[in-house]
Amino acid sequence: MEIRLDGKRALITGANSGIGAAIAKELASVGAKVAVNYISHPETAEQMVADLKNQGKEAIAVMADISDHVQVEQMFSRLDDEWGGIDILINNAGIDGVKSDTWESELDEWQKVININLIGSFYCARQALKRMVPQKNGVILSTSSVHELIAWTGHSAYTTSKAGLSMLTKTLAQEAAPYGIRVLALAPGAIKTTINQDVWNNQAGLDDLLDKIPLKRIGEPSEVAKMAVVLVSDVASYVTGRTIFVDGGMTDYPDFAHGG
Ligand code: BGC
C-alpha cells in the first residue's frame, strides 16, 4: 500500500520546529502542498520552504499567531489566494507552558497556554471548516498529547488544553461528518524535541522518563509524522472523532507491570 497526497493543500501550524516540522516534511514527501505556519524564527521556516522547493515540492511559509483570530483569518485568506483553499489542517502549534503549581501560577501564563493550544486550534479549525464544508471534503488533525488523559503536576493549563482539544475533536467530527470531513487528534508521548529537552538531556530526567515508557525509548518526531500521514490519508477513511496515541505505551501505565 502506498500513500499519496498529490495536490492536497495542507496547513501545518507550528511547523518550523519539532513535530510540526516533521509532519510538514512527511506530508510534502507524499506529494502534498504544505503551508509552514510559524510565529518565531522566520529563518527556519524560510529554510524549510527553500529545502522543500529544492526537492521539487510546493511549499510556502505563513507567519501567524494562531491565538489571534484576525491573524488566523489572514492566514487562511492567504491560502485562498495561493491555492484556492485547504484540504488538510494540522493543528499542531502548542506550548507546555511554565511549570508551576496552579495556586502559584501567573494568570497570564495559564491563559497563554489555553489561548495557543486550545483556542488557537479552534480558530484554525473554524476557518478550515468554513472552507471544507462547502467542498464536502477535508481532514483536520490536531496534535494532542498523552496529557489529554494523564494528569501532570505543574502543567494544569497544558493538560486542560489537551483534554479540551480531545472534546473539540469529537464534537467537530460529529458536526462535520455529514459533509464527508474527518476530524482526529494524535497524542504523542515523549518525543525528542526541544519542548522536553530539559528532561531528556540529563541522566536523571531521562531515567525517570524511560520508566514511564514501556518501549523504553523516547520517540522520534518522524514516528509521529508518519502516523499523521496515515491518519489524513484515505488509509484512515473510516476513522474520525478519536485521538490516536503514539506514545510507546505510556498510556498503558507501565507501573502496573508489577503489583496492583
Ligand atoms: C509534552 C512533553 C512531555 C510528554 C510526556 C508531551 O505532551 O509536550 O514535554 O515530555 O508529553 O510527558
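Both ligands and their constituent atoms are indexed starting at 1 by order of listing.
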Identify all side-chain donor-acceptor contacts of residues 102-115 below 3.5 Å with residues at least two apart in sequence or on another chain.
residue : atom : partner : partner atom : Å
T102    : OG1  : S156    : OG           : 2.8
S105    : OG   : T102    : O            : 2.7
W110    : NE1  : S156    : OG           : 2.8
N115    : ND2  : Q111    : O            : 3.3

Quiz item: Any heavy atom of W152 sitting closer than 4.0 Å to ligand 1?
Solution: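 W152 counts as a contact of ligand 1 under the 4.0 Å cut-off.
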Exercise. Look at ligand 1 and say whether V199 reaches it with a heavy atom at a distance under 4.0 Å.
Key: no
Determine yes or no for a side-chain-to-main-chain donor-acceptor pair under 3.5 angstrom, with [X] supplying the side chain and [Y] the backbone.
X: N16; Y: H41; answer: yes
X: T13; Y: N92; answer: yes
X: R182; Y: A236; answer: yes
X: D234; Y: S237; answer: no

Quiz prompt | Under-4.0 Å salt bridge between R131 and D80 | solution =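 Salt bridge between R131 and D80, a charged N being under 4.0 Å from a carboxylate O: yes.
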Give me the residue, atom name and distance of the protein heavy atom closest to [atom].
atom: atom 11 (O) of ligand 1; result: H147 CD2, 3.3 Å
atom: atom 4 (C) of ligand 1; result: G189 O, 3.6 Å
atom: atom 10 (O) of ligand 1; result: N196 ND2, 3.3 Å

Quiz prompt | For ligand 1, the portion of K162 having any non-hydrogen atom under 4.0 Å away | solution = neither
Self-check item: ring pair (Phe, Tyr, Trp, His ring centres under 6.0 Å) against Y158, all qualifying residues, sequence neighbours excluded
Solution: W152
Practice problem: Consider every N or O of Y158 and every N or O of ligand 1, then say whether any pair is closer than 3.5 Å. | Solution: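 Looking only at distances, the answer is yes, because the N/O contact criterion of under 3.5 Å is met.
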Practice problem: Kindly identify the option in D96, I191, I218 whose heavy atom sits closest to atom 9 (O) of ligand 1. | Solution: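 The option holding the nearest heavy atom is D96.
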Self-check item: S145: numbered ligand 1 atoms lying under 4.0 Å from its heavy atoms
Solution: 6 (C), 7 (O), 11 (O)
